[in-house]
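All values reported here derive from a predicted model rather than from experimental measurement. Residue numbers start from 1 in every chain, and the chains themselves are labelled A, B, ... in the order their sequence lines are given, proteins ahead of strands.
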Amino acid sequence: MKTRVYQFVKAAALSLQDEMGVRFELPDIIIEHPKRREYGDFSTNLAMVAAPLFKTSPLEIAKGIIARKNNIPCGFIERFEIAGPGFINFFIERNCWYELLKEVYLKGADYGKSKMGRGAEVQVEFVSANPTGPLHVGHGRGAVVGDVLARILSFAGYSVSKEYYINDVGNQMNLLGSSVYARYMNVFGKDVVFPDNGYRGDYILDIAKEIAEKEGGRFASLPAEEALPFFIEYASGSILKGIELDLKDFGVTFDRWFSEKELFKGGKVEKTIDKMRSKGLIYEKDGALWFKTTLFGDDKDRVLKKADGSTTYFASDIAYHEDKLERGFERIIDVWGADHHGYKPRIEAFIKAHGEDGKKLDVVLVQLVSLLRGGEKVSMSTRAGEFVTLRDVIDEVGSDAARFFFLLRKSDAQLEFDLELAKKQTPENPVFYVQYAYARICSIFSVAEQRGIAVPSFDEADLALLSLDEEIELIKSITMYPEMIESCAAGLAPHHLVFYLQELVSLFHSYYNKNRVVSEQPEEMPLTLARLFMCGALKTVIKNALGVLGITAPEKM
RNA sequence: GCGCCUGUAGCUCAGGGGAUAGAGCAUCGGAUUCCGGUUCCGAGUGCCGGGGGUUCGAAUCCCUCCAGGCGCACCA
């Protein structure tokens with residue numbers, strides 16, 4: 001509908017240019033939903049923006065554009081209005097809304113899908129937590145943001161690939177291995193110095209015990225260096241499996257798990273460095289190898305290879321991003337914890353150095369989550385290993401509530417997550433409020449069914465009977481869904497969808513309370529059918545939206 | 001010191017150049033024989049952190065200051 005208004009305005013503006021004998025590139029035409037109902041269904045500020053270009057007053061332009069209505073088809077617009085300093089407000093013909101409602105019915109589960117992405121290949125990389133311990137709440141937020149973003153993009157017509165990058169190389173792996181090794185030795189009564197910054201969580205001991213059970217004491221007699229590779233391999237593998245399971249239970253899956261180790265095995269890291277060297281972007285200083293990222297907007301050059309000959313994390317990362325580019329993705333979206341924000345310029349620098357548009361990369365930052373329990377802060381300290389895991393949260397509040405809460409704020413704002421609230425079966429709990437609306441509609445349908453009334457198809461219902469203001473508002477809100485998906489996709493902002501759902505559902509609860517859907521009066525059957533039809537469309541939209549969020553739509557609660 | 005994010009109602013936060021700045025919760029008052037109890041309606045509250053600028057128009061953009069968070073390794 002918005003598109004139709006847009007097309008009209010554009011055609012009208014062009015035609016107005018001809019009439020006035022002027023020609024210039026039109027400014028972007030913005031069609032918006034006015035905040036106030038009396039300003040119509042849509043409005044545009046074009047007349048004000050274009051006034052200087054047309055060299056006349058906004059009022060004249062607005063009049064001119066509206067005058068085009070005789071030449072340009074716009075039967076769907078009931079009336080126009082010029083308001084305020086020069087807004088043009090559009091009031092849409094009521095029948096058009098009914099038509100849109102039928103579209104919901106016809107498209108069903110596909111309603112809201114868009115071709116916006118034109119099938120462009122997009123990669124979303126997210127979570128990518130080091131396999132050194134279980135996922136904690138913060139990772140959980142990143143997981144949901146990435147996952148829902150991917151779902152939104154694919155709904156919006158992109159071809160999306162979800163990926164988890166595993167940092168299974170480097171110091172932290174050695175540290176993990178030696179931590180488990182130390183615990184293992186303890187099991188056999190041997191005292192080994194626990195590494196300084198070792199991992200102290202209970203899970204380390206669990207893994208050590210598991211190894212002791214399966215492998216016996218055969219490593220106890222080996223020198224540490226010989227035993228270590230096994231411990232690293234075993235521990236990271238076991239932790240990764242746990243991570244995968246936690247994510248799966250959280251409704252998050254990946255198309256690919258990409259191992260950093262594989263980059264080295266294939267010589268990819270060296271190859272990427274060589275490539276940059278051949279472009280003259282590498283130099284040596286203080287025995288280390290540097291990459292001239294400053295040429296591409298970074299604020300200092302970065303080390304790729306340390307004086308001791310080992311490569312940095314950044315070296316792996318550019319190799320990884322080169323791999324992404326080579327796989328032909330048109331867009332690369334990295335979802336990172338906000339503490340990595342400083343990392344963006346150097347990755348972007350690499351992409352530019354590689355000869356690609358830096359805009360190919362989007363970084364979505366996910367801010368901290370602080371847990372509350374009935375308003376009281378739950379303390380989390382990673383250091384002591386007593387942090388709250390994602391698993392704990394899912395077990396306590398369930399996957400649905402956790403997912404919803406993680407999306408309740410824009411991702412780059414800090415989030416307070418109240419565990420007590422998430423469990424409440426009351427309307428102050430937004431998840432409940434939304435799911436309840438769905439269950440309520442299902443309940444209406446079953447009442448109708450008991451009375452032998454089937455939910456009508458679009459040609460059985462006379463939608464013109466839906467004439468109440470609340471009904472029109474509800475229909476408008478229902479049919480705004482496709483637009484919502486597109487705007488979430490464009491802004492990489494999943495939280496908009498959550499806000500939309502809450503507003504939509506609130507309109508329904510309010511409507512429900514005032515009006516009876518299934519009437520007792522036989523003569524009101526046509527109205528009942530029309531209302532059932534509308535509820536059916538609403539049901540579809542709620543279900544589709546919850547589906548995109550990865551949240552279940554329960555028929556009963 | 002430099003960079004990024006944040007500062008909006010009592011609380012948690014939307015809105016990120018447009019018209020009278022919104023929602024939920026909390027508070028107070030009212031409705032609800034019902035399809036579903038856990039629902040609904042109404043009311044009040046704002047120097048949009050301060051100051052300057054750009055603009056026909058600024059919560060929104062720019063500068064500056066203040067406050068909070070997070071980054072700023074030859075760590076990962």
Using atom CD of A:E32 as one end and atom P of B:A19 as the other, report the distance to the nearest whole Å.
8 Å
Does the ring of A:F499 meet both stacking tests against the six-membered base ring of B:A14: centre distance under 5.5 Å and plane angle under 30°?
no
Picking from B:C25, B:C35, B:C40, the nucleotide nearest the side-chain atoms of A:Y433 would be B:C40
Take atom CG of A:L46 and atom P of B:G17, then tell me their distance rounded to the nearest Å.
18 Å
Under 4.0 Å between any heavy atoms, over every strand shown, what does A:Q502 touch: base, sugar-phosphate, or nothing? Just pick one.
nothing
Do any side-chain nitrogens or oxygens of A:K305 fall under 4.0 Å of OP1 or OP2 in B:C74?
no
Salt-bridged, A:E125 to A:K324, with N to O below 4.0 Å?
yes
A:H341 side chain: which of B:C70, B:A76, B:G18 is closest?
B:C70
Is any side-chain N of the basic residue among A:D418 and A:R373 closer than 4.0 Å to the acidic one's carboxylate O?
no
Taking the P atom of each, how far is B:G7 from B:G49, in whole Å?
7 Å
Stacking of A:Y39 on B:A19 base (centres under 5.5 Å, planes under 30°):
yes
May I ask you to check whether A:N167 and A:Q172 show a side-chain donor-acceptor distance below 3.5 Å?
no
If you take atom types as modelled and just measure distance, does the side chain of A:S43 reach the base of B:A19 with a donor-acceptor pair under 3.5 Å?
yes
Using whole Å, report how far OH of A:Y313 lies from C1' of B:G71.
15 Å
Report yes if the ring of A:Y512 lies under 5.5 Å from the six-membered base ring of B:C35 with planes under 30°, and no otherwise.
yes
Which one, B:U6, B:C40, B:A76, comes nearest to the side chain of A:N513?
B:C40
A:R141 charged N/C atom sitting above A:F406 aromatic ring, 6.0 Å / 45°:
no
Closest of B:G71, B:A14, B:C35 to the A:D339 side chain is B:G71
May I ask you to say whether A:E270 pairs ionically with A:K305, meaning some side-chain N is under 4.0 Å from a carboxylate O?
yes
Across the strands shown, which category fits A:E503 at heavy-atom distances under 4.0 angstrom: base, sugar-phosphate, nothing?
nothing
Which nucleotide, B:C13, B:A19, B:C35, lies nearest any side-chain atom of A:I444?
B:C35
For A:H33 and B:A21, give me the distance from atom NE2 to atom P, rounded to whole Å.
21 Å
Please tell me which of the listed nucleotides, B:G15, B:U38, B:C13, lies nearest to the side chain of A:E416?
B:C13
B:C41 phosphate, OP1 or OP2, under 4.0 Å from A:S510 side-chain N/O:
yes
Would you find a donor on one side and an acceptor on the other, under 3.5 Å apart, between the side chain of A:D168 and the backbone of A:E260?
yes
Residue-phosphate contact under 4.0 Å: A:R516 side-chain N/O, B:C35 OP1/OP2:
yes
Return the value, rounded to whole Å, for the distance between atom CD of A:Q367 and atom P of B:G69.
12 Å
Relative to the 5' end of RNA chain B, which residue comes earlier, A:T311 or A:F445, by the nucleotide with the nearest heavy atom?
A:F445
Have a look at A:D286 and say if it touches a base, only the backbone sugar-phosphate, or nothing, with a 4.0 Å heavy-atom cut-off.
base
From C-beta outward on A:A413, which listed nucleotide comes closest to its side chain: B:C35, B:G69, B:A14?
B:A14
So if I take every side-chain heavy atom of A:R440 and compare against B:C35, B:C40, B:G37, which nucleotide ends up nearest?
B:G37
Does A:N89 reach a base, just sugar-phosphate, or nothing at all? Heavy atoms under 4.0 Å.
base
Check the side chains of A:H321 and A:D334 for a donor-acceptor pair under 3.5 angstrom, ignoring hydrogens and angles.
yes
What's the closest nucleotide to the A:K306 side chain, out of B:C70, B:A19, B:C75?
B:C75
Answer with base, sugar-phosphate or nothing: what part of the nucleic acid does A:K410 contact at a heavy-atom distance below 4.0 Å?
base
Rounded to the Å, how far apart are A:K55 NZ and B:C56 C1'?
17 Å
Of all the choices, B:C5, B:A76, B:G18, which nucleotide is nearest to the side chain of A:M48 once you look at every atom?
B:G18
With a 4.0 Å cut-off on heavy atoms, is A:A288 in touch with a base, just the backbone sugar-phosphate, or nothing at all?
base
